[in-house]
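First the structure, in the form of structure tokens, and then the observations on it.
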Amino acid sequence: MTQERYPIYKGLQKPLIYRGFKGKFIYWGIGSLIGGLAIGGLIGALTNLFLGGFATLALMGAGLAYTFMKQGNGLHDKTRHRGAFIHPVHLSISYEKREKDSL
């Protein structure tokens, strides 16, 4: 019996991109828009309409700018150290004391 093979689509193995945002940063951008709208609306309701509108635009712009800057580091939050690191070796020589004590 010969076994039939069917092609399986496994995706492109690339992150989803929408208007310059990639992967998880799409959700960060949406969160920035919704958060800016909510906080700006609250400020507008408590103080005046113009201050609330300015706060909405400022918060949305700041959130989207922060998202773009964080996206420049990559999809995964890694610490990238530059330079050579020397790790000191702290060996305890307590085994010599134990051998002497046991004698």
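Side chains included, hydrogens not; waters and symmetry mates left out as well; all remaining heavy atoms used.
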Report yes or no: do Ile26 and Tyr66 belong to one cluster of Ile/Leu/Val/Met/Phe/Trp/Tyr joined by side chain heavy-atom distances under 4.5 Å? yes
Determine, using the 4.5 Å side-chain heavy-atom cutoff (strictly less than), whether Phe25 and Met60 are members of one ILVMFWY cluster. yes
How many angstroms lie between CG in Leu64 and CD in Gln71, if you round to the nearest 0.5 Å? 11.0 Å
Ring pair (Phe, Tyr, Trp, His ring centres under 6.0 Å) partners of Phe68, counting only residues at least two apart: Phe21
Could you give the side-chain donor-acceptor pairs of residues 29-49 under 3.5 Å, partners two or more places apart or in another chain?
from, atom 1, to, atom 2, distance (Å)
Ser32, OG, Trp28, O, 3.0
Ser32, OG, Gly63, O, 3.4
Thr47, OG1, Ile43, O, 2.6
Asn48, OD1, Phe50, N, 3.1
Asn48, OD1, Leu51, N, 2.7

